[in-house]
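These numbers come from a predicted model, not from an experiment.
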Amino acid sequence: MQPTLITIFLLLCSNVFMTFAWYGHLKDLNSKPWVIAAFLSWGIALFEYLLQVPANRIGFTVMSVGQLKILQEVITLSVFVPFAFYYLKEPLKLDYLWAGLCMLGAVFFMFRSKLGL
């Protein structure tokens, strides 16, 4: 499989863990002391890093650090919006669309050299 596809897949999986580590406790542990949420989040984040570190190492063979970062942010937003809507029951706002459009602009500028522009 291509390094870019492996990187995207690993970052998608990593972001699922990251999103639960960062925000899952807001729904499930909001009545518990924050320190319990912190330790549980650290445990979840371990799985995030076990996927994210190899993703970045593989991705770095075909992308720059800036390109990896923008790719990560696009994937983060792609995972976060459904998580916020379905899991946390947050209302879907146009702000997500505007943020996504800004991210597409960032993707264009970071990857335009690969497009020959």
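- Between Leu68 and Gln72 the shortest side-chain heavy-atom distance does not fall below 4.5 Å.
- Tyr49 and Trp22 sit in two unconnected hydrophobic clusters of ILVMFWY residues. Membership requires side-chain heavy atoms under 4.5 Å apart, directly or through other members.
- By the rule that hydrophobic residues join a cluster once side-chain heavy atoms approach within less than 4.5 Å of another member, Tyr86 and Ile75 end up as members of one cluster.
- Here Leu11 contributes atom CG and Gln52 contributes atom CD; the two are 7.0 Å apart, rounded to the nearest 0.5 Å.
- Residues Gln67 and Lys114 are in side-chain contact: their nearest non-hydrogen atoms beyond the backbone lie under 4.5 Å apart.
- The two atoms that bring Thr61 and Pro3 nearest to each other are OG1-CB, 4.0 Å, heavy atoms only.
- Ile44 and Trp34 fall into different hydrophobic clusters, where Ile, Leu, Val, Met, Phe, Trp and Tyr are joined by side-chain heavy atoms under 4.5 Å apart, directly or via other members.
- A 6.0 Å sphere centred on NZ of Lys27 holds more than 12 heavy atoms belonging to other residues, nucleotides or ligands.
- Grouping the Ile, Leu, Val, Met, Phe, Trp and Tyr side chains by contacts below 4.5 angstrom, directly or via other members, places Val62 with Phe111.
- Summarising the geometry of Ala45 relative to Ala21, their closest heavy-atom pair is N-CB, 4.1 Å, with the distance given to 0.1 Å.
- Between the SG atom of Cys102 and the CG atom of Leu97 there is a distance of 9.5 Å, given to the nearest 0.5 Å.
- For Phe108, the CZ atom sits in a packed shell: over 12 heavy atoms of surrounding residues, nucleotides or ligands are nearer than 6.0 Å.
- Residue Met63 forms a side-chain contact (heavy atoms from CB on, under 4.5 Å) with just one option from Thr4, Asn56, Ile70, Ile58, and that option is Thr4.
- Contact record, Val65 with Phe60: CG2-CE1, 3.5 Å, taken as the closest heavy-atom pair.
- Phe83 has its ring centre less than 6.0 Å from the ring centre of Phe20.
- Counting heavy-atom neighbours within 6.0 Å of Phe47 CZ, excluding the residue itself, gives a total of 12 or less.
- At distances below 3.5 Å, at least one donor-acceptor pair connects side-chain atoms of Ser41 with backbone N or O atoms of Ala37.
- Taking hydrophobic clusters as Ile, Leu, Val, Met, Phe, Trp and Tyr residues chained together by side-chain heavy-atom distances below 4.5 Å, Val74 does not share a cluster with Leu104.
- Closest of all the heavy-atom pairs between Leu77 and Ala99 is CD2-C, 4.0 Å.
- Contact detail for Leu26 and Asn30: the closest heavy-atom pair is O-CB, 3.3 Å.
- Atom-to-atom distance recorded for Leu12:CG and Ser78:OG is 7.5 Å, nearest 0.5 angstrom.
- No side-chain heavy atom of Phe9 sits less than 4.5 Å from a side-chain heavy atom of Ile6.
- Atom OH of Tyr23 sits about 11.0 Å away from atom CD of Glu90, to the nearest 0.5 Å.
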Q.
The test is side chain to side chain contact (heavy atoms under 4.5 Å, CB included); show your working for Leu92 and Val81 and say whether it passes.
A. CA-CA 8 Å; Leu92 198 56; Val81 172; 3.7 Å; yes
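- Nearest approach of Tyr96 to Ala84, heavy atoms of both residues: OH-CB, 4.0 Å.
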